[in-house]
Amino acid sequence: MPELAEVFFHSSHWKAACGERFDVAWFHSQPRCCRELDAATLVASIDSAQLLSGYTHGKRMLFAFSGNRFLEVHLGMTGSLHRLQPDHEELKHDHLALRSSRSLLVFRDPRQFGRLALHETDDGELPGWWKDLPPQPHDRAFTRKRFHLLLQRRDKAIVKSLLLQQELFPGVGNWMADEILWRARLKPDRRLGTLKDAERNALFKELRWVCREALRIIGKDYSDPPKQWLFTHRWRDGGICPVSGVPLRRDTIGGRTTCWSPEVQL
DNA sequence: GAGCCTGTTCGGGC
DNA sequence: GGCCCGAACAGGCT
């Protein structure tokens, strides 16, 4: 379930191997998620390279290797990163594995909606496009002023769809958007033009709160958030709103399964 | 076996 | 131009 905090958690597995020197143990270029990556280039770039650091931004990850190489990873719907014993055997959907004397770093992705890409810079600095990514909702640079600017001239947009736009709110995915709207007490199909100032401010507040708390709780060790969150109750039909005690609704809004609480969200 | 799905992209349409 | 929707991608789970 890779949204902001889950992505951070997965990245921490590979980051734990920083300093180790890797070879490509195997790579399968046929799966859709690997097609951008040329096998020969990958081997030439990563073989004997040292993992220097790992970064996340929203749902994206970037791993820096010696030789000014960067491996970009997106987990899509079902991707995951693992750090295993060096001799761990290959499983069915393990498309890429890097091996050091101490670790096997695996990229796994059954549905192949993820993405791997390789980048190079002249000086080992982070690629310019990475530095230019917009601020994440939990970043200091994501100010109230910026938030209100993002909402301007989008009066017809549906608030749930808006929250899922990665170029605006990097890292927010389907469950996070539902959690944010539930806490802000906004019906997910509201058009931005109908939001009053107080509602916009509530949205801003809960957006940042959910991103920060998710990172703190899930990003740390993949714990589930407390039962007071919508999170625990949203996954299947029959859930009960932890605030109102009324059954939750599940509808398709903005093309996505959306769980919301009719008594609470107006 | 049918239906559902935590993400992204693309084409069509208003 | 902005934004919507639906389809497509592919496999695991219920």
Side-chain angles (χ1 to χ4, degrees), chain A residues 1-11 28-37 56-61 72-82 90-95 107-117 129 133-134 136-137 149-182 187-195 207 210-211 213-215 217-219 222-225 229-239 248-260:
Chain A
M1 17 175 144
E3 301 179 20
L4 178 74
E6 291 95 342
V7 168
F8 182 85
F9 178 72
H10 281 279
S11 80
H28 307 305
S29 57
Q30 303 84 352
R32 165 192 159 91
C33 47
C34 301
R35 282 181 204 150
E36 288 181 37
L37 210 50
T56 67
H57 184 282
K59 299 175 187 172
R60 310 170 102 173
M61 295 182 270
E72 183 192 359
V73 181
H74 194 295
L75 297 176
M77 284 271 247
T78 55
S80 56
L81 297 185
H82 306 265
E90 178 178 348
L91 298 180
K92 186 175 177 188
H93 301 292
D94 292 351
H95 307 306
F107 167 72
R108 183 175 298 161
D109 186 5
R111 287 177 73 181
Q112 306 171 33
F113 292 172
R115 197 169 70 92
L116 295 179
W129 59 266
L133 292 171
Q136 306 167 98
L149 283 173
L150 293 180
L151 266 53
Q152 280 182 8
R153 293 183 305 281
R154 300 176 192 267
D155 282 354
K156 285 195 283 187
I158 292 169
V159 63
K160 163 91 185 220
S161 304
L162 187 88
L163 285 174
L164 294 175
Q165 291 189 32
Q166 296 304 295
E167 63 275 25
L168 304 183
F169 310 110
V172 175
N174 202 33
W175 78 254
M176 292 182 76
D178 285 358
E179 186 77 40
I180 291 160
L181 291 169
W182 176 72
K187 202 161 166 273
D189 65 354
R190 289 277 298 276
R191 306 263 171 185
L192 285 195
T194 72
L195 296 190
L207 167 67
V210 169
C211 287
E213 284 297 291
L215 276 172
I217 299 167
I218 303 169
Y222 229 79
S223 303
D224 277 356
W229 286 44
L230 179 65
F231 180 93
T232 325
H233 311 272
R234 69 174 301 281
W235 301 106
R236 61 183 76 183
D237 290 339
L248 295 164
R249 283 189 54 173
R250 298 178 88 227
D251 299 301
T252 298
I253 296 172
R256 309 297 302 281
T257 300
T258 299
C259 181
W260 61 287

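Reckoned from all heavy atoms, side chains included, excluding hydrogens, waters and symmetry mates. Just so it is clear, the structure is predicted and the values come from calculations on it, not from any experiment.
- I253(A) pairs in a side-chain contact (heavy atoms from CB on, under 4.5 Å) with only one of the listed residues (D178(A), L181(A), D189(A)), which is D189(A).
- Rounded to whole angstrom, the span from the CG atom of D94(A) across to the C1' atom of dG11(C) amounts to 15 Å.
- Computed from coordinates, the L163(A) CG to dC3(C) C1' distance equals 15 Å when rounded to whole Å.
- An OP1 or OP2 oxygen of dC3(C) is reached within less than 4.0 angstrom by a side-chain nitrogen or oxygen of R154(A).
- Judged by closest nucleotide on DNA chain C, V159(A) is the one of R236(A) and V159(A) placed further toward the 5' end.
- In this structure, Q166(A) does not reach the dG7(B) phosphate: none of its side-chain N or O atoms is under 4.0 Å from OP1 or OP2.
- In this structure, F113(A) counts as stacked on the base of dC9(C) under the 5.5 Å centre distance and 30° plane angle limits.
- Nucleic acid contact for R153(A): sugar-phosphate only, since backbone atoms but no base atoms lie under 4.0 Å from a heavy atom of the residue.
- When the nucleotides dC4(C), dC9(C), dG11(C) are ranked by their closest atom to the side chain of P110(A), dG11(C) comes out on top.
- Within 4.0 Å (heavy atoms only), G114(A) reaches no atom of the nucleic acid at all.
- Of the candidate nucleotides dG12(C), dC9(C), dT8(B), dG12(C) has the atom nearest to the side chain of H93(A).
- Each of E179(A), E3(A), K160(A) was checked for a side chain to side chain donor-acceptor pair (under 3.5 Å) with N174(A), and the lone residue meeting it is K160(A).
- Between dT8(B) and H74(A), a contact under 4.0 Å exists linking OP1 or OP2 to a side-chain N or O.
- Minimum interatomic distance between T257(A) and R234(A) (heavy atoms only, all atoms of both residues): O-NH2, 3.8 Å.
- Note: CD (E36(A)) to C1' (dT9(B)) measures 12 Å, nearest angstrom.
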I would like to know whether H82(A) and L91(A) meet side-chain contact (heavy atoms from CB on, under 4.5 Å); could you show each step before the answer? CA-CA 12 Å; H82(A) 306 265; L91(A) 298 180; over 6 Å; no
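- Here dG7(B) presents its C1' atom at 17 Å from CZ of F169(A), a figure rounded to the nearest Å.
- Following rounding to the nearest Å, Q152(A) (CD) and dG2(C) (C1') show an atom-to-atom distance of 15 Å.
- K92(A) has no side-chain polar atom (N or O) that falls below the 4.0 Å cut-off from OP1 or OP2 of dG11(C).
- Summarising the geometry, the separation between CG on D237(A) and C1' on dT14(C) is reported as 12 Å, rounded to the nearest angstrom.
- DNA chain B forms stems at B:2-5 with C:11-14, B:7-14 with C:2-9, each a run of 3 or more consecutive Watson-Crick or G-U wobble pairs whose two key distances fall under 3.5 Å.
- Side-chain polar atoms of W175(A) and E6(A) form a donor-acceptor pair below 3.5 angstrom.
- For I218(A) against S223(A), the heavy-atom pair with the smallest separation is CG1-O, 3.3 Å.
- Distance from the side chain of I158(A) is smallest for dC4(C) among the nucleotides dG11(C), dC9(C), dC4(C).
- Here the side chain of M77(A) is nearest to one of dC4(C), dG11(C), dC5(B), namely dC5(B).
- At whole-Å resolution of the value, CH2 in W235(A) and P in dC5(B) are 11 Å apart.
- The backbone N or O of L81(A) lies less than 3.5 Å from a partner atom in the side chain of H10(A), making a donor-acceptor pair.
- Between the CG atom of D189(A) and the P atom of dC3(C) there is a distance of 17 Å, rounded to whole Å.
- Taking each heavy atom of P134(A) and E167(A) in turn, the nearest pair found is CG-O, 3.4 Å.
- An OP1 or OP2 oxygen of dC4(C) is reached within less than 4.0 angstrom by no side-chain nitrogen or oxygen of K156(A).
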